[in-house]
Protein chains: 2
Amino acid sequence: MVQKDSGTRRGRPRNFDEGKVLQQVQDAFWKGGFEGTSIDDLTDATGLNRPSLYGAFGDKHTLYIEALRQYRVATAAAGRKILEDAGTLREGLGELYKAAIRIYMGDEEGRGCFVSSTAPPEAVRDASVRRELAAMNDELDALFEARIARAQADGETCIALPPDEAARVASSVLHSLSVRARGGAPRKALHALAESAINLIAPARN
Amino acid sequence: MVQKDSGTRRGRPRNFDEGKVLQQVQDAFWKGGFEGTSIDDLTDATGLNRPSLYGAFGDKHTLYIEALRQYRVATAAAGRKILEDAGTLREGLGELYKAAIRIYMGDEEGRGCFVSSTAPPEAVRDASVRRELAAMNDELDALFEARIARAQADGETCIALPPDEAARVASSVLHSLSVRARGGAPRKALHALAESAINLIAPARN
DNA sequence: AGGATTTTTTACCAAATGGTACAAAAAGAT
DNA sequence: ATCTTTTTGTACCATTTGGTAAAAAATCCT
């Protein structure tokens with residue numbers, strides 16, 4: 001099934017990079033959702049033909065699940081880094097929301113968050129999609145909670161809520177930025193919401 | 001096209017109630033989204049056969065748009081009433097979030113908000129869906145803003161933000177409750193988020 | 001009663017869908 | 001050089017999809 005002990009793989013070599021293809025698949029699903037994206041859309045987006053796609057990954061469904069997983073892992077890592085690198089919680093939230101808005105507004109087309117924009121319709125009937133959606137939500141909550149706890153330990157700001165509660169409000173803002181972007185909201189409105197939320201969650205000391 | 005001046009309609013009478021059917025259509029789309037719901041699903045859900053559906057409404061697309069519209073109008077009206085009837089902003093937010101959670105968790109299946117759970121995947125390619133999504137978001141924002149402005153005029157609570165900003169945070173919580181419900185979050189977690197948000201937006205005076 | 005009008009019922013259609021069989025091609029193994 | 005093994009390319013298939021044609025049924029109008 002997998003390659004042998006020898007480092008060289010036998011047979012005709014692959015003509016594509018698996019990660020890159022998965023990225024292109026993700027972009028396709030991002031635009032049209034799972035049901036709204038056909039295999040033909042995927043072959044167009046990747047340049048691969050159907051048997052190559054099916055050979056490398058499984059069927060359409062596992063392809064979508066893999067795309068969700070890759071997005072979740074990459075997003076969580078990037079978000080964690082932004083929050084940790086920031087000197088203060090306020091700065092961290094500002095940078096993270098700014099990065100999120102940049103992604104959600106990619107090319108001014110208002111695509112929102114890949115997971116929370118495309119997973120929900122499938123999540124009722126499809127348990128594996130539902131689990132991915134839940135995992136994304138949980139990871140975001142945990143991300144914020146860790147950084148807020150640190151800020152509170154540093155006595156950084158007067159935070160009105162315990163870290164776990166404040167964290168859930170902070171990720172709520174991400175959920176909202178996503179659905180608003182998808183609805184065509186202008187960048188300006190998204191930045192305004194982000195700033196308002198920061199002022200509520202981690203008010204500037206004055 | 002429409003009935004004549006005479007109150008009586010000619011021809012064979014309809015065998016169904018248009019509003020009720022649209023409600024059943026909405027429920028079907030709610031479970032599976034637009035692309036994930038077939039015409040057969042709709043005929044099963046309504047008991048009507050295809051030509052009756054097509055005769056009464058248009059094609060599948062306008063059927064979906066009508067369902068979105070009906071949900072938006074009904075939701076906005078119900079939300080406005082809850083907020084207006086409440087004595088205080090805190091009570092109003094509490095009642096509204098409670099009502100939202102009840103709907104989003106219908107039959108413990110975690111279906112979320114109909115609009116923000118099913119419209120986003122279509123919103124990039126379909127401008128009319130995008131407009132409906134934007135309209136829903138805007139109406140929710142306006143709903144909260146009006147009530148928050150009233151509370152501030154009454155000098156009711158110490159609200160940290162101007163009404164329009166606080167309102168957008170308040171509807172962000174709804175967006176988040178929806179996507180969390182769809183991800184299978186337990187009722188308890190949703191109520192906890194609602195309470196946390198209320199304490200941030202309209203803190204209890206003590 | 002008989003014609004007009006609208007809805008229902010049944011049956012159907014062309015197109016798109018997810019998925020696969022099969023042979024040609026490209027590499028390593030012997 | 002030949003054989004294995006894996007990937008690629010082409011063509012294909014059964015099913016599902018959204019949508020409709022046509023006739024039967026049920027009501028109103030005269």
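Reckoned from all heavy atoms, side chains included, excluding hydrogens, waters and symmetry mates.
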- [ ] Starting from C1' on C/dT20, measure out to CD1 on A/Ile39 and report it in whole angstrom.
- [x] 12 Å
TODO: May I have the distance from B/Asp17 (atom CG) to C/dT7 (atom P), rounded to whole angstrom?
DONE: 15 Å
- [ ] Would you tell me if any nitrogen or oxygen in the side chain of B/Ser52 comes within less than 4.0 Å of OP1 or OP2 on C/dT7?
- [x] no
- [ ] Take B/Gly55 and A/Thr37, find for each the nucleotide of DNA chain C with the closest heavy atom, and name the residue whose nucleotide sits nearer the 5' end.
- [x] B/Gly55
- [ ] Compare side-chain N and O positions of B/Arg14 against OP1 and OP2 of C/dT7 and report whether any pair is under 4.0 Å apart.
- [x] yes
Open item on the list: Without decimals, in angstroms, what is the distance between B/Arg10 CZ and D/dT30 C1'?
Closed with: 10 Å
Open item on the list: How many whole angstroms separate atom CG of A/Leu53 from atom P of D/dT6?
Closed with: 20 Å
Open item on the list: Let's see if you can work this out: which of D/dT27, D/dG9, C/dT8 has an atom nearest to the side-chain heavy atoms of B/Pro13?
Closed with: D/dT27
- [ ] Find which nucleotide of DNA chain D each of A/Gly11 and B/Gly11 is nearest to by heavy atoms, and output the residue with the more 5' nucleotide.
- [x] A/Gly11
Open item on the list: Categorize B/Pro51 for me: base, sugar-phosphate, or nothing, with a 4.0 angstrom heavy-atom threshold over every strand shown.
Closed with: base
TODO: For A/Phe16 and D/dG9, give me the distance from atom CZ to atom C1', rounded to whole Å.
DONE: 14 Å
TODO: Give a yes/no on whether any side-chain N or O of B/Asn15 is located under 4.0 angstrom from OP1 or OP2 of C/dT7.
DONE: no
TODO: Whole angstrom is fine here: how far is it from CZ in A/Arg50 over to P in D/dG9?
DONE: 15 Å
- [ ] Report the residue (B/Asp41 or B/Arg12) whose heavy-atom-nearest nucleotide on DNA chain D is the more 5′ of the two.
- [x] B/Asp41
Task: Flag, side chain of A/Glu91 to backbone of A/Asp85, donor-acceptor distance under 3.5 Å - done: no
TODO: Take atom CG of A/Asn49 and atom C1' of C/dA24, then tell me their distance rounded to the nearest Å.
DONE: 13 Å
Task: Salt-bridge contact A/Glu165-A/Arg168 (side-chain N to carboxylate O under 4.0 Å) - done: no
Task: For atom CD of A/Glu35 and atom C1' of D/dT16, their distance in whole Å - done: 12 Å
- [ ] If the plane angle is over 60° it's perpendicular, under 30° parallel, otherwise tilted; pick one for A/Phe114 and A/Tyr64.
- [x] perpendicular
Open item on the list: Counting only side-chain heavy atoms from C-beta out, which of D/dT10, D/dT20, C/dG19 sits nearest to B/Tyr54?
Closed with: D/dT20
Open item on the list: Salt bridge check, A/Glu66 against A/Arg69: does any charged N sit closer than 4.0 Å to a carboxylate O?
Closed with: yes
Open item on the list: Tell me whether A/Arg150 is salt-bridged to A/Glu156, with the criterion being a basic N under 4.0 Å from an acidic carboxylate O.
Closed with: no
